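We count residues from 1, following the sequence as given. Quick caveat: nothing in here was measured; it's all calculated off a predicted structure.
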Amino acid sequence: MSRICTIPISELSKLTSIYTEDSRDHIEEETFIIPDYQRGYRWEADIHIEALLNDVLDFMNMSRKTDDRYCLQPIVVSLSTVRKDAWEVIDGQQRLTTLYFLLKALDLDTFNIEFETRTLTNDFLRKLIEDNEEDHSRPDFHYMSEAWRKINRWIGEHKKQKLKYAATLLDNVYVIWYDIESSDRKANISAFNRLNVGKIALTDAELVKALILSKIKGLYSGQELALRQSEISNEWHRMEIELQKPQKWEFLTANSPQDFESHLDLIFNLLAENDESRNYSTYLWFEKQVLSVGNTPELQAEEALKLWQRIKHAFACVNSWFCDATPDTAPTIYHYVGYLLATRMSKLRELYAVSRSNGKSMFIQELRKRIIEYIRPIILEDLNYEEGNKSDIKNVLLLFNVLTCEKIAEGIYNRFPFDRYNSIEKERKGAAGWSLEHIFAQNSKDPMKDPKAIKSWIHQTLQAIENIDFIYRDVLMRNDEEENIAREERVSIVSLKERLREMETFPDKEIDLEEFNDIRVTVNDLFGTAAIHDLSNLALLSAKDNSALNNSIFPVKRNLIIELEKKGRFIPPCTRNAFLKFYSPADSQPFYWGPDDQKAYFNTINEVINNFKSKKS
């Protein structure tokens with residue numbers, strides 16, 4: 001007799017539309033038994049009760065279609081194990097009891113509620129409804145008394161809308177009815193524990209699964225039905241396990257606005273054309289598709305199987321984006337889809353729609369087109385950290401990283417790790433996420449005053465320049481023709497290191513702050529140039545790691561970047577390359593980020609981006 005469907009509140013008193021067996025014709029009112037394994041009624045009047053009352057009122061007053069529905073959470077039942085023609089409530093006691101109070105207060109037909117072993121509660125409930133006798137001596141009695149009082153007072157405050165409210169409640173407010181087809185008390189207790197211990201609510205995915213498995217009874221029966229249901233359940237489990245893999249999940253949910261309780265909910269949302277703000281809107285969409293073919297069980301079963309095929313196709317589609325590679329090909333779709341999702345330029349549902357209507361080569365072209373439409377108007381030379389276009393800089397640097405990985409990737413073993421990038425980006429809610437790191441520190445001349453920070457700076461700097469005695473750097477000079485020319489200058493730092501070693505041994509309070517900051521400015525001037533805010537001096541780094549670098553000189557930052565990566569922190573490949581002087585001329589000094597380094601780094605970014613824009617698919 002298993003069923004899953006939505007029913008209006010008006011049918012809770014008698015389930016004639018979904019159960020038409022002759023044996024139920026004599027039933028005048030449905031009876032719901034609250035079994036002894038359930039806790040008592042605990043909804044609070046000013047929180048849960050008021051929320052339900054106001055939600056229905058808001059729905060009544062909103063502009064909507066006449067057939068629109070407001071759906072409450074599921075009521076999970078089975079045939080009673082203690083009484084014939086009654087229902088054992090496995091989940092939904094709180095809202096079912098509240099609906100009972102509300103229907104009684106509105107003078108509407110309702111169902112019966114009985115407590116399996118709490119006879120005193122049964123007696124109290126009758127007196128509360130019939131005689132308005134409140135009792136606060138027991139927890140159950142107290143919460144029921146408060147709920148009954150709250151509902152009656154609220155209805156009195158809205159008496160002008162009482163008739164319309166009652167009609168809306170009966171005809172437009174629905175519950176998801178889920179009969180799990182069990183007469184086994186142990187199975188019911190197990191289901192109750194899963195749904196109530198830890199408050200694990202039924203998800204859209206579980207309800208869709210129940211819908212499909214129940215509807216295919218229109219085509220199969222007996223052993224064949226059991227085998228078909230088992231086959232679907234196994235495929236379902238396999239897809240859920242695949243989506244649970246962190247690399248795949250973070251790749252697909254980069255810009256998802258919601259948290260999914262079941263990973264397969266992501267796939268259902270791709271198919272469902274629904275209002276995601278409503279309770280169980282995804283399930284309701286699937287149910288609507290099944291019912292759209294009429295009431296014939298065979299037709300509904302065929303429609304359910306068609307939906308199942310669409311679910312499998314949608315999973316296969318997005319799964320193929322992640323697995324888009326062979327040992328001989330680069331994962332182009334993976335990189336382009338990952339970039340569009342990570343930058344929020346496209347939503348997953350949009351890309352799925354494009355993929356469905358195009359072959360692989362056309363899909364790749366559309367992905368490239370979307371990226372190019374964003375990147376083409378950006379003039380790389382004009383990007384500047386201080387001019388309000390940090391988002392463009394981040395997206396350009398991310399694309400630089402992604403395209404670099406695509407160029408060298410073969411198969412699935414060397415590609416940009418969107419899972420790690422996206423997990424850090426999601427930290428933005430905590431003021432973390434990704435930031436722009438100045439390769440040579442900005443604001444490096446700001447004085448330092450904190451003794452611990454000073455000692456840390458001295459220690460890190462001495463470690464980084466321990467084996468350096470001389471700095472060779474370009475200095476602009478005027479020649480006889482009054483032209484600026486660059487000349488290499490050799491500068492000794494031996495005396496600076498000696499003085500820093502002395503300061504490192506001083507007690508905190510004995511360090512001369514003015515002298516220290518003079519030395520610090522000199523060191524910064526020697527190991528870098530004036531603070532530069534354009535693309536030639538910027539790289540992607542997580543905000544947490546950025547703060548660890550703390551405006552240090554280049555060789556210190558270089559050492560810290562290496563140490564962070566050794567500890568397992570994710571350093572974007574092009575950021576690592578920049579600090580390792582990968583893009584710099586062969587004779588470039590490893591401890592100095594000078595004009596030639598900046599030029600080579602920028603030219604590489606420019607070349608990679610421009611090659612992408614001009615590349616033919």
Side-chain angles (χ1 to χ4, degrees), residues 6-17 28-32 34 40-75 89 92-114 121-177 275 277-280:
T6 52
I7 58 172
I9 299 301
S10 59
E11 291 200 15
L12 280 176
S13 61
K14 192 170 185 181
L15 303 169
T16 55
S17 68
E28 295 182 2
E29 291 179 339
E30 298 291 348
T31 297
F32 294 94
I34 310 301
Y41 182 77
R42 291 296 184 273
W43 266 19
E44 296 189 23
D46 292 335
I47 300 175
H48 307 101
I49 305 294
E50 185 164 4
L52 174 61
L53 294 170
N54 288 334
D55 284 348
V56 175
L57 180 67
D58 292 342
F59 174 77
M60 180 186 80
N61 291 329
M62 68 181 287
S63 176
R64 55 187 172 81
K65 296 180 291 186
T66 55
D67 62 345
D68 207 356
R69 296 180 291 176
Y70 179 81
C71 193
L72 302 177
Q73 290 184 328
I75 292 175
V89 179
Q93 176 203 170
Q94 309 294 325
R95 53 190 162 276
L96 194 62
T97 305
T98 303
L99 287 172
Y100 172 77
F101 286 146
L102 182 55
L103 291 169
K104 284 289 187 180
L106 290 168
D107 300 318
L108 299 171
D109 291 337
T110 187
F111 42 85
N112 296 318
I113 283 187
E114 294 181 8
T121 303
N122 289 327
D123 293 339
F124 164 72
L125 189 60
R126 178 180 53 79
K127 292 178 181 178
L128 178 66
I129 300 298
E130 295 178 1
D131 304 323
N132 210 32
E133 291 186 15
E134 293 187 16
D135 187 340
H136 298 272
S137 61
R138 296 169 177 260
D140 282 14
F141 298 175
H142 167 74
Y143 283 102
M144 287 181 175
S145 296
E146 290 296 303
W148 179 245
R149 183 196 303 175
K150 176 70 176 183
I151 289 171
N152 281 284
R153 184 190 303 124
W154 190 92
I155 290 173
E157 293 170 354
H158 298 83
K159 57 185 178 182
K160 291 183 178 179
Q161 296 175 297
K162 181 178 178 180
L163 291 178
K164 185 179 179 182
Y165 189 88
T168 300
L169 178 69
L170 290 175
D171 299 331
N172 297 101
V173 177
Y174 282 63
V175 294
I176 298 175
W177 175 266
D275 177 3
S277 66
R278 297 281 183 84
N279 288 341
Y280 295 101

(message) Can you list everything that forms a salt bridge (Lys or Arg N to Asp or Glu O under 4.0 Å) with Lys162? Sequence neighbours excluded, please.
(response) Asp107
(request) Classify the angle between the aromatic ring planes of Phe111 and Phe32 as parallel (below 30°), tilted (30 to 60°) or perpendicular (above 60°). (result) perpendicular
(request) Find out whether Pro74 and Tyr280 are in side-chain contact, i.e. whether some heavy atom of one side chain is under 4.5 Å from a heavy atom of the other. (result) yes
(request) Kindly give the heavy-atom pair with the smallest separation between Leu52 and Tyr165, and that separation in Å. (result) O-OH, 4.3 Å
(request) Check the pair Ile49 / Leu53 against side-chain contact (heavy atoms from CB on, under 4.5 Å), numbers first and verdict last. (result) CA-CA 6 Å; Ile49 305 294; Leu53 294 170; 3.9 Å; yes
(message) Return the CD1 to CG distance between Ile9 and Leu102, rounded to the nearest 0.5 Å.
(response) 8.5 Å
(request) Mind checking side chain to side chain donor-acceptor pair (under 3.5 Å) for Asn54 and listing every partner two or more places apart, or none if nothing turns up? (result) Trp154
(request) Could you check Phe101 against Ile129 for side-chain contact (heavy atoms from CB on, under 4.5 Å), going step by step and ending with a plain yes or no? (result) CA-CA 8 Å; Phe101 286 146; Ile129 300 298; 3.7 Å; yes
(request) Report the C-alpha separation of Ile113 and Thr31 in whole Å, then their side-chain angles, then the decisive distance to 0.1 Å, and conclude whether the side-chain contact (heavy atoms from CB on, under 4.5 Å) test is met. (result) CA-CA 6 Å; Ile113 283 187; Thr31 297; over 6 Å; no
(request) Rounded to the nearest 0.5 Å, what's the gap from CG on Leu99 to OG on Ser13? Could you check? (result) 12.0 Å
(message) If we count only N and O atoms by modelled type, under 3.5 Å, do the side chains of Tyr41 and Thr121 hold a donor and an acceptor together?
(response) no
(request) Please identify each residue that fulfils salt bridge (Lys or Arg N to Asp or Glu O under 4.0 Å) with Glu134, with sequence neighbours left out. (result) Arg149
(message) Run the side chain to side chain donor-acceptor pair (under 3.5 Å) test against Asn132 and tell me which residues pass, sequence neighbours left out.
(response) Trp148
(message) Looking at Arg138, I want to see if its CZ is surrounded by more than 12 non-hydrogen atoms of other residues, nucleotides or ligands under 6.0 Å.
(response) no
(request) Determine, step by step, whether Val175 and Leu12 satisfy the side-chain contact (heavy atoms from CB on, under 4.5 Å) criterion, reporting the C-alpha distance in whole Å, the side-chain angles of both residues, the deciding distance to 0.1 Å, and the verdict. (result) CA-CA 9 Å; Val175 294; Leu12 280 176; 4.2 Å; yes
(request) Please identify each residue that fulfils side-chain contact (heavy atoms from CB on, under 4.5 Å) with Thr16, with sequence neighbours left out. (result) Lys14
(request) Check whether the side chains of Tyr70 and Asn172 place a donor and an acceptor atom closer than 3.5 Å, and report yes or no. (result) no
(message) Going by side chain to side chain donor-acceptor pair (under 3.5 Å), name the residues that satisfy it together with Glu133, two or more places apart in sequence or in a different chain.
(response) none
(message) Strictly below 4.0 Å, N to O, side chains only: are Lys127 and Asp135 in salt-bridge contact?
(response) no
(request) Using side chain to side chain donor-acceptor pair (under 3.5 Å) as the criterion, list what pairs up with Asp109, not counting sequence neighbours. (result) none
(message) According to side-chain contact (heavy atoms from CB on, under 4.5 Å), who are the partners of Asp58, at least two apart in sequence or on a separate chain?
(response) none
(message) I need the Lys150 NZ to Ile155 CD1 distance, nearest 0.5 Å.
(response) 12.0 Å
(request) Under the side-chain contact (heavy atoms from CB on, under 4.5 Å) rule, collect the residues that match up with Leu170, sequence neighbours excluded. (result) Ser10, Leu103, Leu108
(message) Could you check whether any side-chain heavy atom of His142 comes within less than 4.5 Å of a side-chain heavy atom of Pro139, counting everything from C-beta outward?
(response) no
(message) Could you tell me if the side chain of His48 sits less than 4.5 Å from the side chain of Gln94, heavy atoms only?
(response) no
(request) Rounded to the nearest 0.5 Å, what's the gap from CD on Glu157 to NZ on Lys159? Could you check? (result) 10.5 Å
(message) Once rounded to the nearest 0.5 Å, what's the spacing between atom CD of Glu44 and atom CD of Glu146?
(response) 10.0 Å
(request) Of all the heavy-atom pairs spanning Ser145 and His136, show the shortest one and how long it is. (result) CB-CE1, 3.8 Å
(request) Applying side-chain contact (heavy atoms from CB on, under 4.5 Å), name anything that partners Thr6, two or more places apart in sequence or on another chain. (result) Arg69, Cys71, Tyr174, Ile176, Tyr283, Leu284, Glu287
(message) Can you give me the closest heavy-atom contact between Thr98 and Ile151, atom names plus distance?
(response) O-CD1, 4.1 Å
(message) Tell me if a side-chain donor or acceptor on Glu30 pairs with a main-chain N or O of Leu15 at a distance below 3.5 Å.
(response) yes
(message) For the CG atom of Leu125 and the OG1 atom of Thr97, what is their distance to the nearest 0.5 Å?
(response) 8.0 Å
(message) Tell me every residue that passes salt bridge (Lys or Arg N to Asp or Glu O under 4.0 Å) with Lys104, counting only those two or more places apart in sequence or in another chain.
(response) none
(message) Please enumerate all residues that pass ring-ring contact (aromatic ring centres under 6.0 Å, His included) together with Tyr143, with sequence neighbours excluded.
(response) none
